[in-house]
Structure formats: C-alpha cells, structure tokens
Amino acid sequence: MRQAALQHVVLALVVFATFAWMDLVSAEMLRRAVMYTLVWFGASTLLVASAGAWIALARTRDHRDH
C-alpha cells in the first residue's frame, strides 16, 4: 500500500473513532451505513459476476461455432 493511501486510512479511522467517542454518530446511523455498504458490495459483486458469466458464455459459443 502506498504511504499516502495508508495515511488517508489512518486519518479516516482517527476521525471515525473521534466521532464515535464523542457520540456524534448514533448506533442507528452506523447500522444504516453498514447495511448500505453491504448492499452496495453485494450488488456490485453480482453485477461483475453476471457480466463475467455473460462474457464466458459468449466466448464458449464463439469457440464452439468455429
């Protein structure tokens, strides 16, 4: 990992920890953020997997025709 990226991750963790420590982030808001993130991860994984499956199917059909 590049040093700048690592610095950004550490800064984000410090800011989040500070917000949580000061009770600026409610548990419900945190739960919603985690759920939206998980849904987004699942949807993007499904999209990429289905695109890969279509490409593999098209290549199989193309090789079978030749």
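Sequential numbering from 1 along the given sequence is applied to the chain's residues. Hydrogens, waters and symmetry mates play no part in the numbers below; they use all other heavy atoms, side chains included. Just so you know, these numbers come straight off a predicted model, no measurement behind them.
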* To do: Following the transitive rule for hydrophobic clusters with a side-chain heavy-atom cut-off under 4.5 Å over Ile, Leu, Val, Met, Phe, Trp and Tyr, establish whether Trp40 and Leu46 coincide in one cluster.
  => no
* Hey, what do you get for OG (Ser50) to CD1 (Ile55), rounding to the nearest 0.5 Å? -> 9.5 Å
* Do Phe16 and Leu30 come within less than 4.5 Å of each other through their side chains, counting heavy atoms only? -> yes
* Give every residue pair that meets the salt bridge (Lys or Arg N to Asp or Glu O under 4.0 Å) criterion with at least one member in residues 29-58, sequence neighbours excluded. => Glu28-Arg31, Glu28-Arg32
* Structure fact -> Sorted by chain and residue number, the side chain to side chain contact (heavy atoms under 4.5 Å, CB included) partners of Leu13 (sequence neighbours excluded) come out as Val9
* To do: For Leu38, enumerate each residue passing the side chain to side chain contact (heavy atoms under 4.5 Å, CB included) test, keeping only those at least two apart in sequence or located in another chain.
  => Val34
* ILVMFWY cluster, Val15 and Val10 together (side-chain gap under 4.5 Å) -> no
* To do: Please say whether more than 12 non-hydrogen atoms of neighbouring residues, nucleotides or ligands are located less than 6.0 Å from CE in Met29.
  => yes
